[in-house]
Each structure stands twice: as structure tokens, then as C-alpha cells.
Amino acid sequence: MGVAAGPIRVVVAKPGLDGHDRGAKVIARALRDAGMEVIYTGLHQTPEQIVGTAIQEDADAIGLSILSGAHNTLFAAVIDLLKEREAEDIVVFGGGIIPEEDIAPLREKGVAGIFTPGATTTAIVEWVRENVRQPAASGG
């Protein structure tokens, strides 16, 4: 991926069988309204599809939304596939119904940011701006 010019590019994805995507759509719109380029993959995506889309779209980040309880398995699969595809520079963050006791292990696995119910779109936008690719600084 390297250093890219232009807005931050984020793939927003709904992995697994969870069919509730309102939250993902709200986040996608908030990121877009904040000036980011957003690629929303739709429902029922496999980790392979999500990682493939992120690489093809030259994404800076992947935002995963999971309400089904499969966050440990699906987040880990996305992280592992990014490593296999040598795309570890793509930042992974996620949200949904994630128990407190699962947050630390997910962070250890490589999930950079985790947002639980009640997180504001403003907080998520600010986190992405602060933790995903920064524009290349000019100067010498």
C-alpha cells in the first residue's frame, strides 16, 4: 500500500451471517461525510472477500461490524489473511456487540480499535483520522 495521497480509504464490511447492517451504514456515511473514501461491501462477506476488496481498492483501513458474536473468529481471520497477503499496513478496527473480556485479546491479535455500543460517530471518525494513514508531510 505505501504512502498514498488523497483521502483515507476505508472498507466497511459485515463479515459472517449477521444480517443487521444499519450501524455499518451509519459509520460508512459518517466516514464519507468526514471526507474519507468509503467502500461498503454489503452483508455476508467472508474474511477472504473483505481482505481481497481492501487490497484491490488500496484501502488504508478495514472497519468490521459484527453483532453475531463471531467477532473473535472473524476479526482474527481478517488479521491473519492480511498477514498472509503481506498487507499488514491496512489498519483493522471494528465494532458491534463485543463483550469487555474479548477486547484485550482482540487488540493483542492486531485489531487496532474497538468500538462498542454507545460509541459516537464523531469518536470513530476522530479515531480513524488519528490512527490510519497520515498524509505525507512536505518538507525536507
Side-chain angles (χ1 to χ4, degrees):
M1 305 316 104
V3 177
I8 294 171
R9 294 177 57 83
V10 182
V11 168
V12 175
K14 288 290 300 180
L17 300 177
D18 177 11
H20 301 281
D21 66 348
R22 183 174 301 187
K25 288 179 177 177
V26 167
I27 298 308
R29 178 170 289 134
L31 295 171
R32 183 204 64 203
D33 290 351
M36 298 177 204
E37 291 183 9
V38 178
I39 300 95
Y40 176 61
T41 64
L43 292 169
H44 310 301
Q45 298 294 296
T46 66
E48 292 82 1
Q49 290 170 316
I50 294 165
V51 169
T53 298
I55 291 170
Q56 181 179 1
E57 294 289 342
D58 199 23
D60 300 299
I62 297 172
L64 300 170
S65 172
I66 299 182
L67 304 176
S68 67
H71 49 272
N72 289 322
T73 302
L74 294 170
F75 281 31
V78 168
I79 296 286
D80 290 343
L81 285 165
L82 287 170
K83 288 177 184 174
E84 286 176 21
R85 305 268 313 259
E86 297 181 358
E88 295 171 84
D89 57 334
I90 298 175
V91 176
V92 177
F93 66 98
I97 307 300
I98 300 172
E100 185 69 33
E101 61 268 16
D102 291 345
I103 292 175
L106 288 170
R107 287 188 193 277
E108 289 172 15
K109 183 69 178 173
V111 180
I114 299 171
F115 301 93
T116 55
T120 65
T121 55
T122 301
I124 295 167
V125 166
E126 288 176 7
W127 184 91
V128 171
R129 283 188 176 141
E130 292 172 7
N131 293 281
V132 178
R133 170 185 57 86
Q134 298 299 311
S138 60

Exercise for the section: Indicate yes or no: at least one non-hydrogen side-chain atom of Arg85 is less than 4.5 angstrom from one of Val51. Expected result: yes
Practice task
For residues Asp33 and Thr121, determine if any side-chain heavy atom of one lies less than 4.5 Å from a side-chain heavy atom of the other.
Solution key: no
Handout entry: Evaluation steps, side chain to side chain contact (heavy atoms under 4.5 Å, CB included), between Ile103 and Thr116
Key = CA-CA 10 Å; Ile103 292 175; Thr116 55; 4.1 Å; yes
Exercise for the section: Could you tell me the separation between the CD1 atom of Ile50 and the OG1 atom of Thr41, rounded to the nearest 0.5 Å? Expected result: 5.5 Å
Practice task
Just do the side chain to side chain contact (heavy atoms under 4.5 Å, CB included) check on Asn131 and Phe93 with the steps written out, would you?
Solution key: CA-CA 10 Å; Asn131 293 281; Phe93 66 98; over 6 Å; no
Practice task
Could you name each residue pair satisfying side-chain hydrogen bond (donor to acceptor under 3.5 Å, both in side chains) that touches residues 22-31, not counting sequence neighbours?
Solution key: Asp21-Lys25
Handout entry: Pro99 side chain near His71 side chain, heavy-atom distance below 4.5 Å
Key = yes
Practice task
Let me see the working for Lys109 and Asp80 under side chain to side chain contact (heavy atoms under 4.5 Å, CB included), right down to the final yes or no.
Solution key: CA-CA 9 Å; Lys109 183 69 178 173; Asp80 290 343; 2.9 Å; yes
Problem - Under 3.5 Å donor-acceptor, Arg9 side chain and Val38 backbone - result: no
Practice task
Mark yes when over 12 heavy atoms from residues, nucleotides or ligands other than Glu101 sit less than 6.0 Å from its CD; otherwise mark no.
Solution key: yes
Practice task
Run the numbers on Met36 and Val125 for side chain to side chain contact (heavy atoms under 4.5 Å, CB included), then give the verdict.
Solution key: CA-CA 9 Å; Met36 298 177 204; Val125 166; 4.2 Å; yes
Handout entry: Residues, nucleotides or ligands: over 12 heavy atoms within 6.0 Å of His44 NE2
Key = yes
Practice task
Write down the atom of Val11, the atom of Ala54, and the distance for their closest heavy-atom approach.
Solution key: CG2-CA, 3.8 Å
Completion exercise
What one should report as the nearest heavy-atom pair of Leu67 and Gly96 is CD2-CA, 3.7 Å
Exercise for the section: Measure across Gly63 and Val10 and return the closest heavy-atom pair with its distance rounded to 0.1 Å. Expected result: N-CG1, 4.2 Å
Problem - Side-chain heavy-atom pair Phe115, Ile27 within 4.5 angstrom cut-off - result: no
Handout entry: Side-chain touch Val12/Leu31, heavy atoms, less than 4.5 angstrom
Key = yes
Practice task
Give the minimum heavy-atom separation between Ile90 and Ala59, together with the two atoms involved.
Solution key: CG1-O, 3.5 Å
Practice task
Give the minimum heavy-atom separation between Ala119 and Ile124, together with the two atoms involved.
Solution key: CB-CD1, 4.3 Å
Handout entry: Same apolar cluster: Leu43 and Ile97, side chain cutoff 4.5 Å
Key = no
Problem - Side chains of Val128 and Asp60 in contact at under 4.5 Å (non-hydrogen atoms) - result: no
Handout entry: Side-chain donor/acceptor of Lys14 to backbone N/O of Ser65, under 3.5 Å
Key = yes
Handout entry: Distance in Å, Ile79 CD1 paired with Glu108 CD, rounded so as to fall on 0.5 Å steps
Key = 13.0 Å
Practice task
Answer yes if Ile98 and Ile62 sit in the same cluster of Ile, Leu, Val, Met, Phe, Trp and Tyr residues linked by side chain heavy atoms under 4.5 Å apart, and no otherwise.
Solution key: yes
Problem - Heavy-atom closest contact (Ile66 atom, Leu74 atom, distance) - result: CD1-CB, 3.8 Å
Practice task
For Tyr40, check ring-ring contact (aromatic ring centres under 6.0 Å, His included) against everything at least two apart and list the hits.
Solution key: none
